[in-house]
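All remarks here apply to the structure that follows.
Here is the naming used below: chain letters follow the sequence lines, and residue numbers restart at 1 for every chain. These numbers were taken from a predicted model, which means no experiment stands behind them.
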Amino acid sequence: MTPFAKKVYRVVLSIPLGQVRTYKWVAQKAGRPGAWRAVGTILNKNPFPVIIPCHRVIKSNNISGGYVFGKKRKKELLGLEGRIKECLANRK
DNA sequence: CAAACTATTCAGC
DNA sequence: GCTGAATAGTTTG
């Protein structure tokens, strides 16, 4: 567990539901604007992949990067989150 | 401490 | 749109 990793986790966990951010964005928020490479590495080897919404972290252009469940599932999750968000906003 | 690896991003064609 | 190269931190020896 490295300090930078902690920041990254914090940032990733701070991503609102239905929102997707890029590795670059996370890295910037983590304090290392040019360390998106490391962000991916950390998330890949992160000690708790389950508590980390890695599916909200994507490469760019809505293209999901990698995930334990598989990139395909992750992509679906992105769309699902969008629906969830609508559901929450529309849960009148 | 150094080398290798990586879930990426940018630039060129 | 695809391929190649660069960057920055983690991990392992």
Side-chain angles (χ1 to χ4, degrees):
Chain A
M1 187 64 111
T2 61
F4 182 53
K6 285 190 200 172
K7 286 185 183 174
V8 173
Y9 299 142
R10 199 182 167 84
V11 174
V12 174
L13 289 166
S14 305
I15 299 175
L17 195 149
Q19 294 283 33
V20 289
R21 299 283 101 126
T22 60
Y23 284 95
K24 208 167 63 170
W25 183 89
V26 176
Q28 191 177 86
K29 274 280 209 182
R32 255 76 208 183
W36 16 273
R37 195 49 66 86
V39 176
T41 312
I42 291 164
L43 291 174
N44 172 250
K45 299 179 162 116
N46 79 67
F48 313 110
V50 202
I51 67 167
I52 302 184
C54 317
H55 58 275
R56 287 187 205 151
V57 188
I58 60 180
K59 293 176 63 175
S60 58
N61 200 72
N62 275 41
I63 303 173
S64 20
Y67 195 40
V68 243
F69 298 144
K71 304 177 191 175
K72 200 177 147 202
R73 296 293 181 209
K74 186 168 166 178
K75 205 169 163 189
E76 293 188 312
L77 279 168
L78 294 179
L80 250 167
E81 282 204 335
R83 286 202 341 189
I84 294 169
K85 194 179 66 177
E86 284 185 59
C87 212
L88 291 172
N90 195 23
R91 61 170 167 78
K92 300 178 180 109

What integer distance in Å separates [X]:[atom1] from [N]:[atom2]?
X: K45(A); N: dT12(C); atom1: NZ; atom2: C1'; result: 10 Å
X: Q28(A); N: dG9(C); atom1: CD; atom2: C1'; result: 17 Å
X: M1(A); N: dT10(C); atom1: CE; atom2: C1'; result: 13 Å
X: K24(A); N: dA8(C); atom1: NZ; atom2: C1'; result: 15 Å
X: Y23(A); N: dA8(C); atom1: OH; atom2: P; result: 18 Å
X: N44(A); N: dG9(C); atom1: CG; atom2: P; result: 17 Å

Original post:
R56(A) side chain to I15(A) main-chain N or O, any donor-acceptor pair under 3.5 Å?
Top reply: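 Judged by distance alone, yes, a pair lies under 3.5 Å.
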Under 4.0 Å between any heavy atoms, over every strand shown, what does [X] touch: base, sugar-phosphate, or nothing? Just pick one.
X: L43(A); answer: base
X: N46(A); answer: base
X: T41(A); answer: base

Subject >> Dot-bracket encoding of pairs in DNA chain C, which uses [ ] for pseudoknotted crossings and | for another strand, Watson-Crick or G-U under 3.5 angstrom >> reply: ||||||.||||||
Subject >> Proximal nucleotide (of dT11(C), dC10(B), dA8(C)) relative to the T2(A) side chain >> reply: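 For T2(A), the side-chain atoms sit closest to dT11(C).
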Subject >> Contact pattern, 5' to 3', of nucleotides 1-7 of chain C - B, S or - by protein heavy atom under 4.0 Å >> reply: -----BB
